[in-house]
> 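My structure is below; once you've seen it, I'll send some questions.
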Amino acid sequence: MVRLLTIISLFICIILCSSSTSAQLRRNYYANICPNVEKIVLEAVTLKFQQTFVTVPSVIRLFLHDCFVQGCDASVIVASTSRNKAEKDHPDNLSLAGDGFDTVIKAKAAVDKIPSCRNRVSCADILAMATRDVIALAGGPPYTVELGRFDGLRSNAADVNGNLPQPTFNLNQLNAMFGRNNLTQDDMIALSACHTVGFSHCSKFSNRIYSFSRQNPVDPTLDKEYVAQLQSMCPKKVDPTIAIDMDPTTPRIFDNAYFKNLKNGKGLFTSDQVLFTDRRSRPTVNTWAKKPLTFNNAFIQAITKLGRVGVKTAKNGNIRFDCGRFN
């Protein structure tokens, strides 16, 4: 009986703890702290966007990689020191484009120029706002972002191990990883569509076009013309710094073309194409390929839920003066 009560108490605690961290997030969190913060961030993000389109996929990817490791607490932005190898220097994060980090740093500087806002807005919230803004700037669905996150007090490369989805994942592996973050299969498929504006180094998918298996050097789920296109852009001895668009049709627009591409055998990663080849996820791909508004609504729900993962409070976080280092 005592053991049963202990288990029940633990279960209630888990529910209450997760609810309390989510409850602190609200749309008007900075209304009385830094009323114009969203306008300030948008202006900084827009300026960066006008300088380079890479701002869009780099900020989105930075947000995803941050939230999947220790929660949405801007820990991925922290730089390593002689005593600590931070998340950003883990092999899975080395391909994060510098423009993503630069966008957050510049937006933070713009916010801190306002005396009443200085050191009152977290880097985690600025990253969340910047993500929303780049998606809209690229033609994606506008949405209201929840705010109130505090910045994390820990950033360790070892924490990244096994916590980021890999390009070789099958549906079971994808669902399991996203499920650990309270995200459903539909959430996972919606967030995977961020690849509609992403880019990839050839090494991440070269096995699919050159050495897939003994029987099939080329992955048979890939469209043949697309394979020829990929091989021309990524020859076997390609420069490792070369990166190509993940969306071969509308790479500069955040849209539902991602799902149309999957239906045509043009998913760049195994983890992309499997969403169509697996019967369990194919109906969702088919629906969202036809109904962009339905996809937009699902995406807004998914990225809002992602933004609630591992939120830090004043008890286990703070507001960094410099996003790249701890106070």
Side-chain angles (χ1 to χ4, degrees), residues 45 48 52 54-109 122-131 134 149-169 173-174 177-178 180-181 191 194-195 197-207 238-244 246 268-269 271 306-307 309-312 316-327:
V45 172
K48 182 69 180 179
T52 173
V54 175
T55 301
V56 177
S58 62
V59 169
I60 296 172
R61 193 159 176 249
L62 190 65
F63 182 63
L64 295 173
H65 280 230
D66 181 48
C67 292
F68 267 79
V69 181
Q70 299 294 316
C72 308
D73 62 357
S75 55
V76 72
I77 303 176
V78 175
S80 296
T81 66
S82 59
R83 295 183 178 182
N84 178 63
K85 184 178 180 181
E87 289 176 27
K88 69 182 297 184
D89 286 321
H90 185 279
D92 286 349
N93 283 332
L94 292 178
S95 60
L96 290 172
D99 290 292
F101 297 94
D102 189 51
T103 301
V104 177
I105 290 169
K106 287 181 175 176
K108 168 73 169 172
S122 70
C123 301
D125 274 346
I126 289 175
L127 175 54
M129 285 184 272
T131 302
V134 296
R149 301 166 188 80
F150 280 73
D151 297 323
L153 305 177
R154 171 190 175 92
S155 181
N156 192 294
D159 294 334
V160 180
N161 294 332
N163 285 312
L164 290 175
Q166 300 298 313
T168 57
F169 272 11
Q173 291 170 312
L174 289 168
M177 180 160 287
F178 279 73
R180 294 205 304 263
N181 292 300
L191 291 171
C194 288
H195 287 170
V197 289
F199 54 88
S200 170
H201 292 288
C202 298
S203 60
K204 295 295 184 180
F205 60 86
S206 61
N207 67 303
V238 68
D239 183 333
T241 63
I242 295 295
I244 70 166
M246 297 195 70
L268 190 62
F269 292 162
S271 58
L306 176 64
V309 174
V311 171
K312 305 299 185 294
N316 60 353
N318 61 18
I319 294 177
R320 276 183 230 136
F321 303 145
D322 179 344
C323 294
R325 63 183 179 85
F326 297 118
N327 294 348

> Minimum heavy-atom separation for Pro165 to Leu174, with atom names?
CB-CD2, 4.2 Å
> How far apart are the closest heavy atoms of Cys123 and Val104, and which atoms are they?
O-CG1, 4.2 Å
> Evaluate the side-chain proximity of Pro167 to Phe205: yes if any heavy-atom separation is below 4.5 Å, no if none is.
no
> Checking side-chain hydrogen bond (donor to acceptor under 3.5 Å, both in side chains) for the pair Thr81/Arg325: CA distance, chi angles, key distance, verdict?
CA-CA 9 Å; Thr81 66; Arg325 63 183 179 85; over 6 Å; no
> Using a 4.5 Å cut-off on heavy atoms from C-beta on, say whether the side chain of Leu306 contacts that of Asn181.
no
> Begin with the C-alpha distance, continue with both residues' side-chain angles, and end with the deciding distance and a verdict on side chain to side chain contact (heavy atoms under 4.5 Å, CB included) for Ser271 and Gln173.
CA-CA 9 Å; Ser271 58; Gln173 291 170 312; over 6 Å; no
> Taking only residues two or more places apart in sequence, or in another chain, which ones meet Cys194 in a disulfide bond (SG atoms under 2.5 Å apart)?
none
> Ignoring hydrogens, what is the shortest heavy-atom contact between Val69 and Asp159? Give both atom names and the distance.
CG1-O, 3.6 Å
> Walk me through whether Thr103 and Leu127 qualify under side chain to side chain contact (heavy atoms under 4.5 Å, CB included).
CA-CA 9 Å; Thr103 301; Leu127 175 54; over 6 Å; no
> Nearest 0.5 angstrom please: Glu87 CD to Ile77 CD1, how far?
10.0 Å
> State the OG1-CG distance between Thr131 and Leu64, to the nearest 0.5 angstrom.
7.5 Å
> Rounded at 0.5 Å granularity, tell me how far CG in Leu191 sits from CD1 in Ile60.
10.5 Å
> Measure the shortest side-chain to side-chain distance between Phe199 and Ile244 over non-hydrogen atoms and say whether it is less than 4.5 angstrom.
no
> Using side-chain heavy atoms (C-beta onward) and a distance below 4.5 Å, is Val309 in contact with Phe68?
no
> Tell me if a side-chain donor or acceptor on Asn84 pairs with a main-chain N or O of Ser155 at a distance below 3.5 Å.
yes
> Measure the NZ-OG distance between Lys108 and Ser122 for me, rounded to the nearest 0.5 Å.
7.5 Å
> I need the minimum non-hydrogen distance between Asp92 and His65, along with the two atoms involved.
O-CE1, 3.5 Å
> Arg320 side chain to Leu153 main-chain N or O, any donor-acceptor pair under 3.5 Å?
no
> Taking all atoms of both residues into account, what is the closest heavy-atom pair of Lys88 and Val78, and its distance?
CD-O, 3.2 Å
> Could you measure the distance from the CZ atom of Arg149 to the CD1 atom of Ile126? Nearest 0.5 Å is fine.
11.5 Å
> Shortest non-hydrogen contact from Asp73 to Gln70?
OD2-O, 3.3 Å
> In Å, rounded to the nearest 0.5 Å, how long is the span from CZ of Phe150 to CG of Asn316?
9.5 Å
> What I'd like to find out is whether the side chain of Asp66 reaches to under 4.5 Å of the side chain of Ser75, using heavy atoms alone.
yes
> I'd like to know if the side chain of Asn327 reaches the main chain of Ile319, judged simply by a donor and an acceptor atom lying under 3.5 Å from each other, with no hydrogens or angles considered.
yes
> Taking the side chain as every heavy atom from C-beta outward, state whether Ser200 and Leu268 have any pair of such atoms under 4.5 Å apart.
yes
> Any side-chain heavy atom of Asn163 sitting closer than 4.5 Å to one from Arg180?
yes
> The criterion is side-chain hydrogen bond (donor to acceptor under 3.5 Å, both in side chains); which residues satisfy it with Asp89, sequence neighbours excluded?
Ser80
> When you compare the side chain of His90 with that of Asn161, does any pair of heavy atoms fall below 4.5 Å?
yes
